Amino acid sequence: MTVLLGGAPRVLRFTAEGATLAVEIPGRTSHAERERAESIARRIFRLEDDLAPFYAALEGDADLAWARCGAGRMLASATVFEDVVRTICTTNCAWSATERMIGALVQLGGGAFPAPEQLAATPERWFSEKARMGYRGPYVREIARRVVHGDLDLERLLPQHGMHADEVEEALLALPGVGPYAAAHVMQLLGYHELLILDSWTRPTYLRKSKKKQAKDSTIRRAFAKYGRFAGLAFWLYLTSHWHEEERDAGNGFHP
DNA sequence: CGTCCAGGTCTAC
DNA sequence: GGTAGACCTGGACGC
């Protein structure tokens with residue numbers, strides 16, 4: 001994948017050998033850039049996220065015991081800013097529109113997702129006319145401007161900074177264009193796994209999987225409350241279990 | 001052609 | 001605190 005390293009788009013190649021993840025960067029790199037690349041890899045693959053307590057709780061779980069092989073490490077972006085903007089681009093539109101908007105953003109960034117500085121400096125016209133982001137454009141641009149201006153530090157929301165989940169949620173909900181769905185989605189990527197991602201895809205998928213005719217959000221939440229601070233992740237794995245069927249059949253999971 | 005709505009959010013009651 | 005309408009866009013659908 002391509003990310004910004006020292007302000008320039010650089011290709012990172014990831015390869016896994018057993019339990020080791022290697023990062024390859026074609027071309028010359030400085031020590032600082034290699035450090036940053038490792039930091040990005042840790043963030044993307046969410047290596048700091050300790051799922052052991054979650055897996056322990058899944059022992060004997062009829063629906064989710066399969067996930068103990070190492071499932072649930074959702075792929076994140078290089079920065080929280082990128083996760084927030086991408087998530088806003090999933091709201092109230094078809095998936096094809098999301099791909100188009102993010103494709104335009106990445107093109108603007110020269111192959112990498114653009115930094116807040118670049119988005120803040122890009123005229124509103126570009127968001128509406130080129131990226132076709134509609135009313136989302138001003139939201140994204142405003143968030144970028146706040147980051148650049150210094151009164152918004154999204155990277156501070158990473159779990160390593162020790163903020164309480166409630167504070168993180170409050171900070172996300174305060175962003176223009178971020179509501180309950182987007183906040184829950186970004187929090188999953190950050191490693192706060194309690195909130196359920198409830199939207200027009202997860203709701204019907206839950207009904208189909210659980211063979212229910214209907215279920216209010218509060219009912220769904222109650223059904224997953226037993227997973228405690230991992231309720232949201234349990235919900236997500238329940239909905240996506242069929243994505244993992246090949247790995248399960250192959251039985252090639254590992255136990256971290 | 002018009003209407004609806006898709007991996008929602010905001011504002012105004 | 002809960003709900004109605006508006007909101008960009010574009011693909012799917014009915015007429």
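Just so we're on the same page: letters track the sequence lines, and every chain starts at 1. Predicted, not measured: the structure shown is a model, and the values here were computed from it. Just so you know, these numbers use all the heavy atoms, side chains as well, and skip hydrogens, waters and symmetry mates.
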Next on the checklist: Walk along nucleotides 7-13 of chain B from 5' to 3' and tag each nucleotide B, S or - by protein heavy-atom contact under 4.0 Å, base first, then sugar-phosphate.
Outcome noted: BBSS---

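- Counting to the nearest Å, the P atom of C:dG10 and the CD atom of A:Glu99 are 15 Å from each other.
- Closest approach of A:Ala131 and A:Arg100 over heavy atoms only: O-NH1, 3.2 Å.
- Residue pairs meeting the salt bridge (Lys or Arg N to Asp or Glu O under 4.0 Å) criterion with at least one partner in residues 177-205 of chain A, sequence neighbours excluded, are A:Arg203-A:Asp217.
- C:dT3 and B:dG7 have their C1' atoms separated by 22 Å, with the value rounded to a whole Å.
- Every stem involving DNA chain C, taken as at least 3 paired positions in a row under the Watson-Crick or G-U wobble test at 3.5 Å, is listed here: B:1-6 with C:9-14, B:8-13 with C:2-7.
- Taking side-chain N and O atoms only, A:Arg132 has a distance below 4.0 Å to OP1 or OP2 of C:dG10.
- C:dG11 sits 23 Å from B:dT9 when the P atoms are compared, rounded to a whole Å.
- Residues from residues 211-223 of chain A that place a heavy atom under 4.0 Å from any atom of DNA chain B: there are none.
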Pairs of donor and acceptor atoms involving the side chains of residues 102-120 of chain A, under 3.5 Å and at least two apart or interchain, shall be tabulated with distances.
| unit_1 | atom_1 | unit_2 | atom_2 | d |
| --- | --- | --- | --- | --- |
| A:Gln118 | NE2 | A:Leu108 | O | 2.9 |

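- Annotation: C:dC8 and B:dA6 have their C1' atoms spaced 13 Å apart (nearest Å).
- Relative ring orientation between A:Tyr238 and A:Tyr206 is described as tilted, the plane-to-plane angle lying within the 30° to 60° band.
- Hydrophobic cluster of A:Met1: the remaining members, joined at side-chain heavy-atom separations below 4.5 Å, are A:Val3, A:Leu5, A:Leu12, A:Phe14, A:Leu21, A:Val23, A:Ile25, A:Ile40, A:Ile44, A:Phe45, A:Leu47, A:Leu75, listed by chain and number.
- Rounded to a whole Å, the CD1 atom of A:Ile88 is 15 Å from the P atom of C:dC8.
- On the P atoms, B:dC4 is 12 Å away from C:dA6, given to the nearest whole Å.
- Closest approach of A:Phe127 and A:Thr122 over heavy atoms only: CE1-O, 3.5 Å.
- Atom NE2 of A:His31 has 12 or fewer neighbouring heavy atoms from other residues, nucleotides or ligands inside a 6.0 Å radius.
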Next on the checklist: Under the criterion salt bridge (charged side-chain N to carboxylate O under 4.0 Å, His left out), I'd like the reasoning laid out for A:Glu38 against A:Arg42: C-alpha separation, chi angles, the key distance, then a yes or no.
Outcome noted: CA-CA 6 Å; A:Glu38 178 182 337; A:Arg42 290 183 176 281; 3.2 Å; yes

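- Across the P atoms, B:dC10 and C:dG10 are found 22 Å apart, a figure rounded to whole Å.
- With hydrogens and angles left out, the side-chain atoms of A:Lys209 and A:Ser241 include a donor and acceptor closer than 3.5 Å.
- For the P atoms, the distance linking B:dC5 with C:dC15 amounts to 14 Å, nearest Å.
- Salt-bridge formation is detected for the pair A:Arg146/A:Glu142: a Lys NZ or Arg NE/NH1/NH2 atom is positioned less than 4.0 Å from an Asp or Glu carboxylate oxygen.
- In this model, a donor atom of one side chain and an acceptor atom of the other lie less than 3.5 Å apart for A:Tyr181 and A:Thr90.
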